[in-house]
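Presented below is the structure to which this report refers.
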Amino acid sequence: MILLTCWKMMRRLKIDTLTKFGTFEVSRRASEVATLGSHCFFSGSRPRNSFRDTSLLAENKKISHFIRIGQINEARAFFDNMGCRNTVSWNSMISGYVKRREMTKARKLFDEMPERDVVSWNLMISGYVSCGGNRFIEEGRCLFEMMPKRDCVSWNTMISGYAKNGMMDQALLLFDRMPHRNVVSWNAVVSGLLQNGDVMRAIEFFNRMPERDAASLSALVSGLIQNEELDGAARVLLEYKNKDGAKENLVHAYNTLIAGYGQKGLVDEARKLFDRIPFRNDERDKNNERFERNVVSWNTMIMCYVKAGDMVSAQELFEQMIERDTFSWNTMISGYVHVLDMEKASNLFSKMPNRDTLSWNLMVSGYSLTGNLELVSDFFEKMPEKSLVSWNSVIAGYEKYEDFNGAIELFLRMQSEGEKPDRHTLSSILSVSTGIMDLNLGMQIHQLVTKTVIPDTPINNALITMYSRCGAILEARTIFEELKLKKEVISWNAMIGGYASHGYASEALELFKLMRHFEVQPTYITFISVLHACAHAGLVEEGRRIFKSMQSEYGVEPTVEHFASLVDIVGRHGQLEEALDLIKSMPFEPDKAVWGALLGASRVHNNVEMARVAAEELMKLEPESSTPYVLLHNMYANMGCWDDAADIRGMMERNNIQKQTARSWIDSGY
DNA sequence: GTAGGGTTAG
């Protein structure tokens, strides 16, 4: 009975997998058992005791399981406690370290293991080459040369290692030298050539392949797309015939190309390809696979429409789908969120059968973008599971719509709930610090940035903006200098703007010169700051010259803000007529900043006629504002023109204008 | 337990 059970068990586990394990390594604990009755060794070719073997098989699987779910320490503890190990146990453990690129630990086990097979060597090589870089590739090559016996996998690992590190010559040398190539070797070379931009040779190798499989076509199509050869990819795909004439399931490759067209905005091309995929094909091919549209094809096509902003076609296709998955719903929602009309997004959201965190995040970020902060918080609180993106969306929304306290409160709450901020969170909070000009908060966030993320240019830009707006110009400049060649136009703008708004006009202009020296193309924001600096420093000629150069030298169209600055510059200098002419020559309607600049200048130069012109225009633009009335009234009063002053007062009363109480911003303190 | 390729959302 027992024998029968054993035999059945062995049948189920396939005897050959049991016998091919070879020699067992017996640890101290197990060897005690072994000397008593030997359960660990095979006698002849048939296992005498399959319980030990099956349990070893199960134990090895346990190691793999721990590794798969990312619990490497648990895997190691289990491995260390195993009574009996074979080469597979060691290899499994090594593969765990290799996957995590912990090559020192992997190497230690490899050096310690009592008996290595070809897989042990291959694992180590694969680990070294996937770490990348010359040193590791060399280490891999060294093992490759040392190993007693190589199989196809060893060669392929080394070839793809070279290919992925841009060392195509070395890869091809090995490919030429290898004794038996299989389809994987060919695929590795083809995709390697494509990754290194050698399209011609890739196609040549593809055509020379003695056999192909599904991966061959996928590699070629995706590689061609990466090399911007969309037409080539389409040709390959449409003309593709397998060597033995058998039909293959090409849907994957088709989907790849549809997505490629979508990336380039070629929606019509994508649609043509989508329409070529059979809708339903009942004749099964040799591989027992159907070539027909799958849910990914539909999703990808919908995605193309969404990216092109064509929600009508996206919706049409979505409605035709027989089987939708969460992805389909989320893509549609993201499309509606992207074009901001939220009602349709919300409709879909309420109808969808299974929502995941992304669905919720999409709604939250949609309401954040449209500034509906009430609904943001409503959705956020109802989320069954919050991800980092959820927190970031809400914080970004609060920041954008200037609910700075809300943003900070949420930032504190997220940390108390154990969610760690990333660079997105930190840049939002840096913008909050800038918004409320809280240098103290900004400095704390700076410390957090240093501790938790590797600062990239965007976050450094946010730091420069924060420090320069808060008046800590030196700190801003230090970060600006540390950026070295990674300075972007935003970095320059932030720094120039900081100087300009704190009265460091010459520094602002100096930096503007330097920016031109480095051939960084200024934007309209650069010119706003530079003109601002000229106005503060009374640099009339410089201001006029820079204003003219905007269009002629840099092709930047002046906006109403630039005109307002120039009006300010010439007006402050006392050239009020020129300022008025400038306003009249503007290609667009002057706004309150423009008239405000003229009014301010008129007041400084005590030109009451001009002040009256500007004030009347301001009264038309902002009928409820008391500022122009008050300014004009005070000017008349100062000159002793009491009748005129009384007139203004009368106008104020007739128009029901209240003098606004002075308000100041008070630090709410956190 | 090891080698090649692969489509979709924030």
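The structure displayed is predicted, hence computed values, not measured ones. Order of the sequence lines sets the chain letters (A, B, ...), proteins ahead of strands, with each chain counted from 1.
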Phosphate OP1/OP2 of [N] contacted by [X] side-chain N/O (<4.0 Å):
{"X": "K307(A)", "N": "dT8(B)", "value": "no"}
{"X": "K386(A)", "N": "dG10(B)", "value": "no"}
{"X": "S216(A)", "N": "dG5(B)", "value": "no"}
{"X": "Q195(A)", "N": "dG4(B)", "value": "no"}

So what does [X] hit on the nucleic acid, given a heavy-atom distance under 4.0 Å: a base, only sugar-phosphate, or nothing?
{"X": "S387(A)", "value": "base"}
{"X": "S365(A)", "value": "nothing"}
{"X": "N392(A)", "value": "nothing"}
{"X": "A215(A)", "value": "base"}
{"X": "D117(A)", "value": "base"}
{"X": "K99(A)", "value": "sugar-phosphate"}

* Check: dA3(B) base within 3.5 Å donor-acceptor of N187(A) side chain -> no
* Donor-acceptor pair under 3.5 Å: do we get one between D213(A)'s side chain and the base of dG4(B)? -> yes
* Asked: Are the side chain of S359(A) and the backbone N or O of N330(A) linked by a donor-acceptor pair below 3.5 Å?
  -> no
* Asked: Aromatic rings F136(A) and Y128(A): how do their planes relate, parallel, tilted or perpendicular, breaks at 30° and 60°?
  -> parallel
* Between dG4(B) (C1') and I159(A) (CD1): distance, integer Å -> 10 Å
* To do: Calculate the interatomic distance between L317(A) atom CG and dA9(B) atom P; express it in whole Å.
  => 16 Å
* Atom CZ of R235(A) with >12 non-hydrogen neighbours under 6.0 angstrom -> no
* Asked: Does CD belonging to E417(A) count more than 12 external heavy atoms closer than 6.0 Å?
  -> yes
* Asked: Can you tell if the side chain of M103(A) reaches within under 4.5 Å of the side chain of M124(A), non-hydrogen atoms only?
  -> yes
